[in-house]
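Remarks on the structure that follows.
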Amino acid sequence: MAPPSPSSLTETIAGALNGLAVELPSWGFADTGTRFGKFVQPAARTIEEKFSDAGQVHKFTAACPTVALHVLWDVPEGTKPSDVKKLAERYGVRPGSISPNVFQDQIYKHGSLSNEQESVRRHALEHILDSVRIARELGSRDVTPWFADGSSFPGTANIRARKGWMAEGLKRAHEALGPDQRLLVEYKPFEPAFYHTDIADWGMALVLARYAGPKARVLVDTGHHYLAQNIEQIVAWLLSESMLGGFHFNDRRYADDDLTLGSIDPYQIFRIFAEIRFYEWETGRRADIAYMVDQSHNLKGKIEEMIQTVMTAQELYAKAALIDFRNLTKAQNEQRLIDAENVYRDAFSTDVRPAVREWRRSKGLAEDPLAAFRESGYLERITRERAGRVSAVSSYA
Ligand code: RM4
Ligand code: MN
Ligand code: MN
C-alpha cells in the first residue's frame with residue numbers, strides 16, 4: 001500500500017493531537033529526590049508555584065489544561081477549594097484528578113483501608129471521602145487513590161481479610177461520588193511493601209473496581225509492572241472490559257523509576273497508544289481515558305522535563321495515529337505476520353516531527369516548545385525569586 005500523502009499525514013496527526021490532553025502532576029514540580037537524598041532546584045513549594053510552573057508547560061504545548069493534585073500536599077485542611085480553582089485559573093490551568101494521601105501519616109505504617117485496625121481504616125476512609133468532596137467542589141472528575149498498603153514479611157498479614165477491607169473501603173468511597181465522578185484504582189506490585197501489596201496488579205484492581213461500583217475504573221501506571229510484563233495486553237483487556245480509566249505516564253528501566261516517558265522504551269508507549277487507537281477504530285467509540293503524567297524529576301529541570309514528556313507523548317501518539325488499521329486487520333486475518341508487524345513498524349518509524357511542528361504553528365504556538373520556554377526567561381526569573389529558601393525536608397511536598 002502507498003504511504004499516506006504528506007497532506008493527509010499532517011491532517012491525521014493534527015486530528016489526533018487535537019484530541020490529546022495530558023494532565024500534569026503538581027508533585028512533578030516540587031523538589032524531590034531518592035530515598036537517599038533530595039536535590040534542590042528552583043522548584044515549586046506552594047500550590048501557586050505549582051500552578052505557575054504547570055501553566056508554563058501548558059502555555060508552550062497547549063496540551064496540558066489540568067493539574068493533578070494530592071490533597072495533603074496541595075489542598076491541606078482549611079484550604080477553600082474555590083480559592084484553589086481561582087488560583088489555577090490565574091495561571092491558565094484547572095485542577096485535575098485528586099489523589100487522597102493515605103500513606104504518609106504515622107498511623108498508616110501498616111496500611112490504610114486494608115489496615116488490621118478498624119480505627120485506621122475509618123480514618124483513611126474519612127480522608128478519602130473528604131477527597132471526593134474536595135474533588136467535587138473543584139469540579140474534578142477523577143479521584144485517584146494509590147495505596148501503599150501491603151506487608152513486607154511472609155505470614156505477617158491476612159491477605160484475604162485485607163482484600164475484604166480494601167474492597168469495602170473502596171465501595172464506601174464509590175458511594176460518595178457525584179454523578180459525573182469516577183474512582184480510578186491504581187495498582188503497584190511492590191514498594192513500599194516488599195512482600196505483598198494489597199492491590200498488586202491490574203487483575204486485582206479490576207476485581208476491586210468492579211466491586212466498588214459502576215463509576216470505578218482501573219488506572220495503569222506504566223512504571224508499576226514487572227519488566228517482562230506485556231502492558232499493551234493489559235490495556236487491550238481493560239479496553240475490551242470497558243474498565244480502563246486512565247494512565248500515569250512515566251518510564252522505567254528497573255522498577256518504579258519514574259523516568260521520562262519514552263526515555264527507555266518509546267516503542268512500548270507506542271504499542272499502548274496503538275491498542276487504544278485500534279479499539280477506537282474498531283468500535284467507532286472514543287476511549288474515555290485520562291492521560292496523566294506521574295514522574296519525579298530530580299536530575300533534569302522539572303519544567304523542561306515536563307515539556308519534553310509532553311512532546312514525547314505527542315510524537316508517539318501521532319505515530320500511533322498513522323497505523324493503517326484496515327491493512328493491519330487484513331494482514332492479521334490472513335496471518336501474514338511480517339506484513340502485520342510492518343504496519344506497526346512503518347508507523348513507528350515515520351518521522352512525525354514536521355507534522356507536529358506544523359500542528360503547533362496552526363495553533364499559534366512556537367514550533368519548538370522547549371526552545372520557546374528557554375527563551376521566555378521564566379526559569380531565570382523563578383531561579384532569582386526562589387533562591388535562598390530553606391529546602392523542605394519531606395519528599396514530594
Ligand atoms: C506512587 C504512585 C502514585 C503516586 C505516588 C506518589 O508510586 O505512582 O500514583 O501518587 O507514588
Ligand atoms: Mn502513579
Ligand atoms: Mn509510582
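Below, each value reflects all heavy atoms present in this structure, side chains not excepted, and no hydrogens, waters or symmetry copies. Just follow the structure's listing: the first ligand is 1, and inside any ligand the first atom is 1.
The atom name of the N/O/S atom in His248 closest to the Mn ion (ligand 2) is ND1. Nearest to the Mn ion (ligand 3), among the N, O or S atoms that Asp256 has, is OD2. With respect to the Mn ion (ligand 2), Glu186 has OE2 as its nearest N, O or S atom. Residue Asp294 approaches the Mn ion (ligand 2) most closely through its N/O/S atom OD2. Its N, O or S atom nearest to the Mn ion (ligand 2) is what matters here, and for Asp221 that atom is OD2.
Near His248, with a cut-off below 4.0 Å to any heavy atom, the atoms of ligand 1 are 9 (O). Contact atoms of ligand 1 toward Asp256: 7 (O) (distance under 4.0 Å to a heavy atom of the residue). Close approach of ligand 1 to Asp294 (heavy-atom distance below 4.0 Å) involves ligand atoms 2 (C), 3 (C), 4 (C), 8 (O), 9 (O). Distances below 4.0 Å separate heavy atoms of His70 from the following atoms of ligand 1: 10 (O). Atom numbering of ligand 1 starts at 1 in the shown order; those under 4.0 Å from a heavy atom of Asp221 are 8 (O). In the vicinity of His224, heavy-atom distances shorter than 4.0 Å reach the ligand 1 atoms 2 (C), 7 (O), 8 (O).
Each of Thr309, Asp258, Thr32 was evaluated against Gln295; a single residue qualifies, Thr309, per the side-chain hydrogen bond (donor to acceptor under 3.5 Å, both in side chains) test.
Taking the six-membered ring for Trp and the full ring otherwise, the centers of Tyr108 and Phe103 sit at least 6.0 Å from each other. You'll find the ring centres of Phe273 and Phe270 outside the 6.0 Å limit.
Heavy atoms of other residues, nucleotides or ligands lying less than 6.0 angstrom from CD of Glu334 number more than 12. For Trp237, the CH2 atom sits in a loose shell: 12 or fewer heavy atoms of surrounding residues, nucleotides or ligands are nearer than 6.0 Å.
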Practice prompt. Let me see the working for His225 and Val220 under side-chain contact (heavy atoms from CB on, under 4.5 Å), right down to the final yes or no.
Written response: CA-CA 9 Å; His225 299 90; Val220 177; 3.6 Å; yes

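Separating the CG atom in Leu138 from the CZ atom in Arg133 is a distance of 10.0 Å, to the nearest 0.5 Å.
When the options Gln295, Glu186, Lys188 are ranked by their closest heavy atom to atom 2 (C) of ligand 1, first place goes to Glu186.
Between Tyr317 and Tyr291, the two ring planes are perpendicular [angle over 60°; tilted spans 30° to 60°].
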